[in-house]
Amino acid sequence: MASSTVRSLSHLKVIDLSRVLAGPWAGQLLADLGAEVIKIERPGSGDDTRGWGPPYLATPEGEPTRESAYYLAANRNKKSLSVDLATPEGAEIVRRLAARADVIIENFKVGGLQPYGLDYQSLRAINPRLVYCSITGFGQSGPYASRPGYDLLIQAMGGLMSITGASSGPGSGPQKVGVAVADILTGLYSSVGILAALAYRDRTGVGQHIDVALLDVEVACLANQAMNFLVSGKSPSRMGNAHPNIVPYQDFATADGAMIIAVGNDAQFKRLCEAIGLPALAGDPRYLTNAGRLAHRDELVPAIAAAIATRPTRDWVVVIEAAGVPCGPINTIEQVFDDPQVVARGMRRTLDHPLAGSAPSVANPLRLSQTPVEYRSGPPLLGQNNAEVLEGWLGLSADEISRLVEKGIL
């Protein structure tokens with residue numbers, strides 16, 4: 001039975017000094033799991049992504065706010081504290097918060113926080129239990145360490161674009177993935193690293209520094225494509241929606257659009273051939289095994305494509321699913337959120353929002369039986385929680401907070 005009072009990470013205090021996506025994604029995941037996450041932002045402008053619109057969230061009257069959809073994607077369940085780190089007093093506030101924190105997440109350039117006394121070595125001196133996660137484009141070491149890194153650049157340098165896109169024909173050439181996957185994956189790896197460091201701290205009482213690089217993550221996530229190269233010595237190439245190791249496993253044009261067929265084993269291939277009216281293919285010696293189908297891809301795929309082109313997508317999905325072969329339509333994002341499975345799993349959420357009344361959100365995919373994810377608050381307005389954080393964490397009075405506002409520190 002799930003508990004309504006205990007969350008997985010409700011004992012943790014996290015300072016999120018990061019901006020844009022990778023760091024905020026890690027912070028949001030920890031917040032979803034119950035941690036108290038304080039998002040530190042620059043007064044007046046805040047996280048870069050607040051201005052990455054349109055689209056912007058609208059008020060009930062239809063007027064746009066300053067809250068961009070991009071910002072809303074990665075800052076749920078956090079509290080916003082606006083403080084100017086470039087001022088001695090502002091940096092001191094964050095140091096005092098860090099002394100009480102369990103985790104710091106930051107994505108400044110290498111050495112960028114040292115002038116403010118907010119680097120790992122400085123903060124470890126006042127809080128040896130601190131878990132400090134640094135996220136950069138290229139890591140804390142190596143010849144590229146000082147370079148800034150953005151997802152598009154990392155997709156290119158990390159090899160992902162070389163294997164994404166059509167190999168020939170109109171529109172062919174390297175392509176980026178439609179979502180900033182290097183950032184997202186880096187956020188997820190960072191969260192795992194943070195939890196591992198906290199587990200170590202629980203046993204030893206000692207915190208540590210975590211160095212996560214977007215390029216490292218992108219290379220690690222080349223997965224089977226990296227191993228295809230390391231084993232064969234041959235760089236994988238772009239294959240559109242086809243798979244380098246499995247056939248047929250790709251998109252096929254239907255009479256009214258397109259669909260995906262994903263055959264994972266020989267038994268599925270046999271059932272597919274029977275379902276689409278080509279039983280002779282299943283008995284053809286060339287296609288009995290996946291290795292054979294790979295070797296004869298150029299003959300097999302056109303034969304399947306010709307059959308699939310004769311009927312609409314919906315018809316084929318019914319027929320091929322009934323045969324026990326993985327398949328499905330290629331949905332638009334709108335169709336995704338109308339899909340009955342996505343609806344049943346509650347992947348679309350609505351959160352309270354101080355300006356708009358409510359804000360849409362995409363659910364966290366983790367389903368924990370004892371400590372389920374909670375949607376406590378929408379992404380905060382810039383500086384929304386200044387008084388709450390400074391009073392609750394540091395014991396500052398209302399007068400002290402007012403003075404900080406008057407001085408432009410908050």
Enquirer: Counting only heavy atoms not in Y375, do more than 12 sit closer than 6.0 Å to its OH atom?
Expert: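 Counting other residues, nucleotides and ligands, OH of Y375 exceeds 12 neighbours.
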Enquirer: Does R403 come within less than 4.0 Å of E400, counting only side-chain N to carboxylate O?
Expert: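 Not counted as a salt bridge, because no side-chain N and carboxylate O are separated by less than 4.0 Å.
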Enquirer: So Q250 and F252, side-chain contact (heavy atoms from CB on, under 4.5 Å) or not? Walk me through it.
Expert: CA-CA 7 Å; Q250 64 184 78; F252 289 93; 3.6 Å; yes
Enquirer: Restricting to non-hydrogen atoms, name the atom on A182 and the atom on L214 that form the minimum distance, rounded to 0.1 Å.
Expert: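 Closest heavy-atom pair between A182 and L214: O-CG, 4.3 Å.
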Enquirer: Counting only N and O atoms by type, is there a donor-acceptor contact under 3.5 Å from the side chain of K39 to the main-chain atoms of P380?
Expert: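 Absent.
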Enquirer: Out of L17, I210, L113, which one pairs with Y132 under the side chain to side chain contact (heavy atoms under 4.5 Å, CB included) rule?
Expert: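 The option that passes is L113.
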Enquirer: Nearest heavy-atom pair of I135 and I105: which atoms, and what distance?
Expert: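 Minimum heavy-atom separation between I135 and I105: CD1-CG2, 4.1 Å.
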Enquirer: Carefully, step by step, assess I15 and L81 under the rule side-chain contact (heavy atoms from CB on, under 4.5 Å).
Expert: CA-CA 10 Å; I15 305 297; L81 172 63; over 6 Å; no
Enquirer: Regarding R19 and the six-membered ring of F108, is the cationic atom NZ or CZ under 6.0 Å from the ring centre and inside 45° of its axis?
Expert: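 R19 over F108 ring: yes.
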Enquirer: Between S191 and G187, is there a donor-acceptor pair closer than 3.5 Å when you use the side chain of the first and the backbone of the second?
Expert: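 A pair under 3.5 Å: yes.
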Enquirer: Taking R376's backbone N and O only, do any of them form a donor-acceptor pair with N77's side chain (distance below 3.5 Å, no angle check)?
Expert: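 Present.
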Enquirer: Hey, is the main chain of D84 close enough, under 3.5 Å, to the side chain of E89 for a donor-acceptor pair?
Expert: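 Flag not set: sc E89 to bb D84 has no pair under 3.5 Å.
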Enquirer: Excluding sequence neighbours, so at least two apart, what forms salt bridge (charged side-chain N to carboxylate O under 4.0 Å, His left out) with K79?
Expert: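 Once residues adjacent in sequence are excluded, the partners of K79 under the salt bridge (charged side-chain N to carboxylate O under 4.0 Å, His left out) criterion are E36, E388.
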Enquirer: Looking only at heavy atoms, what is the nearest atom pair of T164 and R238, with distance?
Expert: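 Distance-wise, the nearest heavy atoms are O-CD, 3.3 Å.
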Enquirer: Check for a donor-acceptor pair, side chain of N290 on one end and backbone N or O of N245 on the other, with a separation under 3.5 Å.
Expert: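 Pair found, side chain donor or acceptor close to backbone of N245.
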Enquirer: Hey, mind stepping through E334 and T332 against side chain to side chain donor-acceptor pair (under 3.5 Å) and telling me if it holds?
Expert: CA-CA 5 Å; E334 180 179 6; T332 64; 5.0 Å; no
Enquirer: Between D32 and E374, is there a donor-acceptor pair closer than 3.5 Å when you use the side chain of the first and the backbone of the second?
Expert: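 No, the answer is negative, given that no donor and acceptor are paired below the 3.5 Å cut-off.
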Enquirer: Under 3.5 Å, is there a donor-acceptor pair linking the side chains of S80 and E41?
Expert: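 Distance-only check passes for S80 and E41.
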Enquirer: Would you check if S358 and H353 make a side-chain contact, meaning some heavy-atom pair closer than 4.5 Å?
Expert: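 They are not in contact (no side-chain heavy atoms under 4.5 Å apart), so the answer is no.
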Enquirer: Side chains of S402 and D399: donor-acceptor distance under 3.5 Å anywhere?
Expert: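 Side chains of S402 and D399: no pair found under 3.5 Å.
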Enquirer: May I ask you to decide if the ring planes of H296 and Y287 are parallel, tilted or perpendicular, using 30° and 60° as cut-offs?
Expert: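 Aromatic pair H296/Y287 classed perpendicular.
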Enquirer: Donor-acceptor pair, T49 side chain versus W52 backbone, under 3.5 Å?
Expert: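 A pair under 3.5 Å: no.
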Enquirer: After noting the C-alpha distance and the side-chain angles of S18 and D16, does the key distance pass the side chain to side chain donor-acceptor pair (under 3.5 Å) rule?
Expert: CA-CA 5 Å; S18 66; D16 185 356; 2.4 Å; yes
Enquirer: Do any N or O atoms from the side chain of E218 and from the backbone of L215 form a donor-acceptor pair under 3.5 angstrom?
Expert: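 No; judged by distance alone, with no hydrogens or angles, the pair does not exist.
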Enquirer: Check whether N127 reaches the backbone of A101 with its side chain - one donor and one acceptor, N or O, closer than 3.5 Å.
Expert: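 Looks like yes, one N/O pair under 3.5 Å.
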Enquirer: When you check the gap from the basic side-chain N to the acidic O, do R201 and D102 get nearer than 4.0 Å?
Expert: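 Salt bridge: yes.
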Enquirer: Counting only heavy atoms not in R66 (residues, nucleotides, ligands), do more than 12 fall under 6.0 Å from its CZ?
Expert: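 Not more than 12 within 6.0 Å, no.
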Enquirer: Under the ring pair (Phe, Tyr, Trp, His ring centres under 6.0 Å) test, which residues partner Y189, sequence neighbours left out?
Expert: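 Counting only residues at least two positions away or on another chain, Y189 forms no ring pair (Phe, Tyr, Trp, His ring centres under 6.0 Å).
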Enquirer: Return yes when atom CD of Q121 has more than 12 non-hydrogen atoms of other residues, nucleotides or ligands closer than 6.0 Å, and no otherwise.
Expert: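 Counting neighbours around CD of Q121, more than 12 heavy atoms of other residues, nucleotides or ligands fall under 6.0 Å, so yes.
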Enquirer: Applying side-chain contact (heavy atoms from CB on, under 4.5 Å), run through I38 and W393 and close with a yes or a no.
Expert: CA-CA 11 Å; I38 308 303; W393 282 49; 3.7 Å; yes
Enquirer: Can you give me the closest heavy-atom contact between P248 and F269, atom names plus distance?
Expert: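 Taking every non-hydrogen atom into account, CD-CD1, 3.8 Å.
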Enquirer: More than 12 non-hydrogen atoms from neighbouring residues, nucleotides or ligands closer than 6.0 Å to CZ on F337, yes or no?
Expert: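 Atom CZ in F337 is packed in, count exceeds 12.
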Enquirer: For the CZ atom on R297, are there more than 12 heavy atoms of other groups (residues, nucleotides or ligands in this structure) within a distance under 6.0 Å?
Expert: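 Count over threshold, so yes.
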Enquirer: What I want to find out is whether D266 reaches R293 closely enough, with some N-O distance under 4.0 Å, to be called a salt bridge.
Expert: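 Yes.
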Enquirer: If we ignore hydrogens and angles and just use 3.5 Å, is the side chain of N386 paired with the main-chain N or O of S82 as donor and acceptor?
Expert: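 Judged by distance alone, yes, a pair lies under 3.5 Å.
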Enquirer: For the residue pair E106 and S134, what are the closest heavy atoms and their distance?
Expert: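 Scanning both residues completely, I find the closest heavy atoms to be OE2-OG, 2.6 Å.
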Enquirer: Write down the atom of P148, the atom of K109, and the distance for their closest heavy-atom approach.
Expert: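 Smallest interatomic distance, heavy atoms only, reads CB-CE, 4.3 Å.
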Enquirer: Holding to ring pair (Phe, Tyr, Trp, His ring centres under 6.0 Å), I want the full list of residues that pass it with Y116, two or more places apart in sequence or in another chain.
Expert: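 Testing Y116 for ring pair (Phe, Tyr, Trp, His ring centres under 6.0 Å), a comparison that skips the adjacent residues, returns none.
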Enquirer: If only side-chain N and O atoms count, and only distance matters, is there a donor-acceptor pair under 3.5 Å linking D339 with Q335?
Expert: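 Absent: no donor and acceptor within the cut-off.
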